[in-house]
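To keep things clear, I will list the structure first and then write my remarks on it.
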Amino acid sequence: MNNFQQYRHIESPGWTLGWTWAKKEVIWSMVGAQTTEQGDCSKYQGNIPHCCKKNPTVVDLLPGTPYNQQIANCCRGGVIASWAQDPINAVSAFQVSVGSAGTSNKTVRLPKNFTLLAGGPGYTCGPAKKVRVSKFLSADGRRVTQALMTWNVTCVYSQFLAQKTPTCCVSLSSFYNDTIIPCPACTCGCQNNIAQPGSCVERGLPVPSTPGINTPSKNLAPLVECTPHMCPIRIHWHIKLNYKEYWRAKVTLTNFNYRMNYSQWNMVVQHPNFDNVTQLFSFNYKPLTPYGTINDTAMLWGVKFYNDMLMQAGPMGNVQSELLFQKDKQTFTFKQGWGFPRRVYFNGDDCVLPPPDAYPWLPNMSPPLRVGKAFLLIVSFVLSAYLLAFL
């Protein structure tokens, strides 16, 4: 399994792969993964297959699995990194020994109805398609063997299938305007503690001890802090300073979800000045060019062993960094919200931004200069004394 998505990874509790056999195939053994159910294998005596189900469901093995049950790129609990962030760990593999499938490429039938779950719905898989057979090189490099048949299955992701509501939002502020633009109200849901007690946690109150996504008893439903936006993740973009040839922005990611730590998180930001970013502090940076030569999109993620994990809601549930941009005199301006991002993604999900007419704008004019009466009196006295000196 190769994850070719640039900035979407499969996080805990990991992937779940399923399919339907075309005939009466059985799985005799597996290495690097296992099926969740064995099925009815009562017709077999002595050597019992690993799985006899018509539609098996396969999951990855956990870290620490004995070596005789492992193969390369297995046993990470179903977690697969994104291609741009960590291409080495963007692969997961397992090996299956299949019986009653046929003995030639004319008798073997392709499985169908492939499904891929990654902590929930969202992926849609196409049919299996035959491709050029895989070839394998022996350990001494002197012999090449090939598979009986090779096929590929492509699965695509849709955020609309994954969840009905957004999962993140963006708030804005700037040094030139005292107004802080919050996330739009009810972006990811509305507070409903009266009709549904326990749907969110008030700040300062103890958190109920319920199973979370990082506990043995999984609970994928987020338990968030009570906020007007009710999003698990908020990203705040602050235009901090303006220099002669540079300008600086501060980005803060806050986790309001009490049930989940976001390991290997990433954020994608679209802004025209990313073609001339000078320096980042405490974040990794990689330019993305989805539109060919236009370099206006950047992928940001945490530094390993420093801030690559966004902790659950609470005092430690945030990460932040500052970005230094060099100005382009032909395009740079703070007018009409130019300094704010056009689009923001967190872990591949599109985040909701405030409406453009709500952005902090530059003041229309500088504040009037107020001159006190005492200052005018002193100036008049000095001027009179100066004139009398020449009389």
Side-chain angles (χ1 to χ4, degrees), residues 1-5 10 14-62 65-78 80 83 87-118 121-157:
M1 297 173 60
N2 293 278
N3 182 17
F4 293 114
Q5 299 174 105
I10 297 178
W15 57 263
T16 300
L17 182 66
W19 64 81
T20 301
W21 291 117
K23 298 191 296 183
K24 296 182 179 180
E25 294 89 339
V26 295
I27 299 176
W28 281 109
S29 63
M30 295 189 70
V31 180
Q34 65 182 1
T35 59
T36 57
E37 297 183 43
Q38 184 183 33
D40 184 8
C41 298
S42 58
K43 68 178 182 179
Y44 294 91
Q45 302 294 329
N47 191 13
I48 306 299
H50 177 82
C51 179
C52 301
K53 287 182 67 67
K54 179 76 172 178
N55 51 344
T57 300
V58 178
V59 295
D60 194 13
L61 296 179
L62 298 176
T65 298
Y67 290 113
N68 61 349
Q69 300 177 24
Q70 294 188 26
I71 63 169
N73 298 314
C74 84
C75 312
R76 291 193 288 263
I80 305 179
W83 189 262
I88 296 177
N89 292 314
V91 182
S92 185
F94 59 90
Q95 183 174 300
V96 185
S97 297
V98 182
S100 304
T103 57
S104 69
N105 54 11
K106 294 182 179 180
T107 57
V108 173
R109 295 290 179 262
L110 302 182
K112 53 187 178 181
N113 300 332
F114 281 86
T115 59
L116 176 63
L117 299 178
Y123 285 94
T124 302
C125 299
K129 294 183 178 181
K130 292 183 181 180
V131 295
R132 182 180 299 176
V133 295
S134 302
K135 295 185 178 182
F136 309 97
L137 188 65
S138 62
D140 59 6
R142 302 174 64 186
R143 175 177 167 81
V144 177
T145 58
Q146 68 179 41
L148 183 68
M149 183 186 299
T150 302
W151 60 78
N152 281 349
V153 178
T154 302
C155 301
V156 296
Y157 182 86

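Computed from a predicted model, the values in this text were never measured in an experiment.
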Measure the spacing between CD of Gln5 and CD1 of Ile80 and express it to the nearest 0.5 Å. 9.5 Å
All heavy atoms of Cys74 vs all of Ala93, minimum pair found to be CB-O, 3.3 Å
Please report the interatomic distance OG(Ser29) to CD(Gln95), rounded to the nearest 0.5 Å. 7.5 Å
Is Lys23 reaching over with its side chain to a backbone N or O of Ala101, donor-acceptor style, under 3.5 angstrom? yes
From CG (Asn73) to CG (Asn89), nearest 0.5 Å: 8.0 Å
For Ala33 and Met30, which heavy atoms make the closest approach, and how far apart are they? O-CB, 3.5 Å
Give the minimum heavy-atom separation between Pro121 and Leu117, together with the two atoms involved. CA-CD2, 4.1 Å
Derivation and outcome, side chain to side chain contact (heavy atoms under 4.5 Å, CB included), residues Trp21 and Ile27: CA-CA 10 Å; Trp21 291 117; Ile27 299 176; 3.8 Å; yes
Applying disulfide bond (SG atoms under 2.5 Å apart) to Cys155 and not counting sequence neighbours gives Cys125
Nearest heavy-atom neighbours spanning Pro66 and Gln70: O-CG, 3.4 Å
Trace of the side chain to side chain contact (heavy atoms under 4.5 Å, CB included) decision for Lys54 with Thr20: CA-CA 6 Å; Lys54 179 76 172 178; Thr20 301; 4.1 Å; yes
Side chains of Leu61 and Phe94 in contact at under 4.5 Å (non-hydrogen atoms): no
Looking at side-chain heavy atoms only, is the closest gap between Arg76 and Asp60 below 4.5 Å? yes
Any side-chain to backbone donor/acceptor pair from Ser97 onto Trp28? Under 3.5 Å, distance only. no
Backbone N/O of Gly102 and side chain of Thr107: donor-acceptor pair under 3.5 Å: no
Taking side chain as C-beta onward, heavy atoms only, is Cys52 less than 4.5 Å from Tyr44? yes
Just by distance, do the side chain of Glu25 and the backbone of Val98 share a donor-acceptor pair under 3.5 Å? no
Between CG of Asp40 and NZ of Lys53, what distance do you get to the nearest 0.5 Å? 10.0 Å
Testing the basics here: between Ala22 and Arg109, what is the closest heavy-atom pair and its distance to 0.1 Å? CB-CB, 3.5 Å
Is there a side-chain contact between Leu148 and Val108 in this structure, where contact means two heavy atoms from C-beta onward sitting under 4.5 Å apart? yes
Atom OG1 in Thr150, atom CG in Asn105: separation rounded to 0.5 Å? 10.5 Å
Do Gln34 and Val59 make a side-chain contact, defined as non-hydrogen atoms from C-beta onward lying under 4.5 Å apart? yes
Got Trp19 and Val58 here, is their nearest side-chain heavy-atom distance under 4.5 Å? yes
Residues Ala128 and Pro111: closest non-hydrogen pair is CB-O, 4.0 Å
If you draw a 6.0 Å radius around OH in Tyr67, do more than 12 non-hydrogen atoms from other residues or ligands fall strictly inside? no
Once you round to the nearest 0.5 Å, how far does OH of Tyr157 lie from CD1 of Ile10? 10.0 Å
Please check if the number of heavy atoms outside Lys129 that lie under 6.0 Å from its NZ is greater than 12. no
Is it true that, when you exclude Ile88 itself, more than 12 heavy atoms of the residues, nucleotides or ligands shown sit nearer than 6.0 Å to its CD1? no
